[in-house]
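Below: the structure, in C-alpha cells.
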Protein chains: 2
Amino acid sequence: MLIDIWHDRAVADLTLQRSPLPIAPTPTGPAEMCCAPVTQELLDAEQAAVLAARLKALADPARLRLVSLLANAAEHEACVCDLTAPLGLSQPTVSHHLKVLQQAGLVTREKRATWAYYSVVTEALDELAGLLSPRD
Amino acid sequence: MLIDIWHDRAVADLTLQRSPLPIAPTPTGPAEMCCAPVTQELLDAEQAAVLAARLKALADPARLRLVSLLANAAEHEACVCDLTAPLGLSQPTVSHHLKVLQQAGLVTREKRATWAYYSVVTEALDELAGLLSPRD
DNA sequence: AGCAAGCATCGACGTCTGTCAATAGAGATG
DNA sequence: CATCTCTATTGACAGACGTCGATGCTTGCT
C-alpha cells in the first residue's frame, strides 16, 4: 500500500540542483542495542531508562502517524510540508515531533534545497520490536 | 535467566487455602489487534491513539522494569510486596504502575489470599512487537 | 472482636509534554 | 537586493504524568 503525498512538488524538484547525497546524513540517534529482550534478562535502571526513552518517542499518536505516513509514502520519504495536512497539526508541531523521532533514531533527515526529507529507519523499529518480543 | 523474588513467602503460602484458579482472571485489557503494522498500512487517528496508548504503558522505566521483573521471576509471577524493593519505589507507586500495565493488557492480576500476583501477558508483547515490525 | 499485613485509592505536588502563534534562519527566485 | 517558501526555534500555556504520604479496604491470624 503506497500513499502518494508528493503532489506537484516532484516536478518542481527537478529544476533544483540536488545535494550530492551524503552517505552519512547526520544520524543523531545511532540506535545501538541497549539491552537484551525485556522478557529474557532483568533490566537495570539505566537500560530501562534508555529503552523507555525510545519507546516514548513512538508512544504518541501524532508520531505514530508520522512514521506510518513516511513508511507508506512514495519513495518512502516526505517533507514537513506534506505531513502537516494529513495530521491536522501546525507546522511547528510537526517539526517538533519529527525532531523527537530523529533524536530517538527512528527517522533520518536529509535536507534537499529548501525541503527537509524524512524517512523511517526500519532497522530501529525492528530492533525495538525485538526487545519487546525475542525473534528467536 | 530466572530471578527469585519469592523469599520465604512461598512457605507461608502453603498454609493458606488457594483460590480455585479461575480460568478467566478478569482480563481488563483484552489486547485485541488494533491495526496493521505501522509500516504496512496508513494509521488513521483512532488506530494511532489506541496503539500509542499501549506503547505509552510500556514507555516508562519503572514499568519496563516491572515487566522485566515479572518475566524473570520464579513462576513468572510476583506480588506487589516483592516488587517495591527492586524498583526503589513506594508501594502506592508500584500499584499505580501495575494498574497502568494491567489496563493496557500487558499484565494480568490474580488475587490469592491477601496477595495480588501479577504476571506478564507475553502475547500482548508479541503483538505490540509485530505492529512495530512485521514478522516474517 | 481485634489486630496485622498486603494492596488500592485519594489528594497533592512538581515535572514533563503536546500544542500553537510568533519569530528567525536558510535557500531559491525574480 | 527584495521577496517568497520551507523549516526550525522560541515562549507560553494547559493538560498529562510520576511520585509520595495518608487513608481505607480486604483478608488471614489470634
Side-chain angles (χ1 to χ4, degrees), chain A residues 5 7-9 11-19 26 28 45 48-49 52-53 55-66 77-85 87-104 107 109-118, chain B residues 5 7-9 11-19 26 28 45 48-49 52-53 55-66 77-85 87-104 107 109-118:
Chain A
I5 46 180
H7 330 308
D8 41 4
R9 188 158 314 94
V11 180
D13 212 12
L14 298 175
T15 68
L16 302 171
Q17 66 268 28
R18 294 177 172 275
S19 69
T26 64
T28 303
L55 283 174
K56 202 166 289 188
L58 258 185
D60 178 90
R63 291 196 283 270
L64 279 174
R65 296 189 75 195
L66 276 175
E77 67 178 9
C79 52
V80 181
C81 60
D82 288 324
L83 298 169
T84 58
L87 257 64
L89 293 176
S90 71
Q91 175 267 316
T93 301
V94 172
S95 271
H96 162 68
H97 285 308
L98 287 170
K99 184 178 184 180
V100 172
L101 287 172
Q102 187 194 6
Q103 288 177 334
V107 305
R109 190 183 98 117
E110 184 191 352
K111 185 130 189 180
R112 291 203 297 268
T114 58
W115 296 286
Y117 289 91
Y118 288 86
Chain B
I5 45 180
H7 333 306
D8 41 5
R9 188 160 313 95
V11 180
D13 211 13
L14 297 175
T15 68
L16 301 171
Q17 67 267 25
R18 295 177 172 275
S19 68
T26 63
T28 302
L55 283 174
K56 200 167 289 186
L58 259 185
D60 178 90
R63 290 195 285 270
L64 278 174
R65 295 189 75 194
L66 276 175
E77 65 177 11
C79 52
V80 182
C81 59
D82 287 324
L83 297 169
T84 58
L87 257 63
L89 292 176
S90 72
Q91 174 266 317
T93 302
V94 173
S95 270
H96 162 67
H97 285 309
L98 287 170
K99 183 177 184 180
V100 172
L101 287 171
Q102 187 194 6
Q103 289 177 332
V107 305
R109 191 182 97 116
E110 184 192 352
K111 184 131 190 180
R112 291 203 298 269
T114 57
W115 297 285
Y117 290 90
Y118 287 86

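Each chain gets a letter, A, B and so on, in the order its sequence line appears, and its residues count up from 1.
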Inset, instruction - Check whether any side-chain heavy atom of A/Q91 lies under 4.5 Å from a side-chain heavy atom of A/V80, and answer yes or no. - result: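 The answer is yes, as the side chains (C-beta and beyond) meet within the 4.5 Å cut-off.
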Legend entry - Side chain proximity check, B/H97 to B/T93, heavy atoms < 4.5 angstrom: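 Side-chain contact under 4.5 Å: yes.
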Inset, instruction - Identify which one of A/V94, A/L83, A/T84, A/L66 satisfies the side-chain contact (heavy atoms from CB on, under 4.5 Å) criterion when paired with A/L89. - result: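 Going through the options one by one, the only one that passes is A/V94.
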Legend entry - Heavy-atom closest pair, residues B/W115 and B/C81: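 Heavy-atom minimum between the residues: CD1-SG, 4.0 Å.
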Inset, instruction - Compare every heavy atom of B/K56 with every heavy atom of A/A59, then report the nearest pair and how far apart it is. - result: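 Taking A/A59 first and B/K56 second, the nearest heavy atoms are O-CE, 3.0 Å.
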For [N] and [X] - does any side-chain N or O of the residue sit under 4.0 Å from the phosphate oxygens OP1/OP2?
X      : N     : value
B/K99  : C/dT9 : yes
A/Y118 : D/dA8 : yes
A/R109 : D/dT7 : no
B/R112 : C/dG6 : no

Inset, instruction - Ignoring the backbone of A/S95, work out which of D/dA8, C/dG27, C/dC7 is nearest its side chain. - result: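 In terms of side-chain proximity for A/S95, the closest of D/dA8, C/dG27, C/dC7 is D/dA8.
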Starting from [atom2] on [N], measure out to [atom1] on [X] and report it in whole angstrom.
X      : N      : atom1 : atom2 : answer
B/W115 : C/dA8  : CH2   : C1'   : 17 Å
A/L66  : D/dT7  : CG    : P     : 13 Å
B/Q103 : C/dT9  : CD    : C1'   : 13 Å
A/D82  : D/dT5  : CG    : C1'   : 13 Å
A/L98  : C/dT19 : CG    : C1'   : 15 Å
A/L87  : D/dT7  : CG    : P     : 14 Å
A/K111 : D/dC6  : NZ    : C1'   : 7 Å
B/Y117 : D/dT27 : OH    : P     : 15 Å

Inset, instruction - Identify, with sequence neighbours excluded, every residue that meets side-chain contact (heavy atoms from CB on, under 4.5 Å) alongside B/V100. - result: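 B/V100 satisfies side-chain contact (heavy atoms from CB on, under 4.5 Å) with B/A57, B/R63, B/H96 once adjacent residues are dropped.
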Inset, instruction - Return the set of residues passing side-chain contact (heavy atoms from CB on, under 4.5 Å) with A/P61 (not counting sequence neighbours), or none when no residue passes. - result: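 Checked A/P61 against side-chain contact (heavy atoms from CB on, under 4.5 Å); matches are B/A48, B/A52.
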I'd like a list of close polar pairs between nucleotides 18-21 of chain D and the protein, N/O only, cut-off under 3.5 Å.
unit_1: D/dG18; atom_1: OP1; unit_2: B/D60; atom_2: OD1; d: 3.3
unit_1: D/dG18; atom_1: OP1; unit_2: B/R63; atom_2: NH2; d: 2.9
unit_1: D/dT19; atom_1: OP2; unit_2: B/H97; atom_2: NE2; d: 2.3
unit_1: D/dC20; atom_1: OP2; unit_2: B/S90; atom_2: N; d: 3.0
unit_1: D/dC20; atom_1: OP2; unit_2: B/S90; atom_2: OG; d: 3.1
unit_1: D/dC20; atom_1: OP2; unit_2: B/T93; atom_2: OG1; d: 2.8

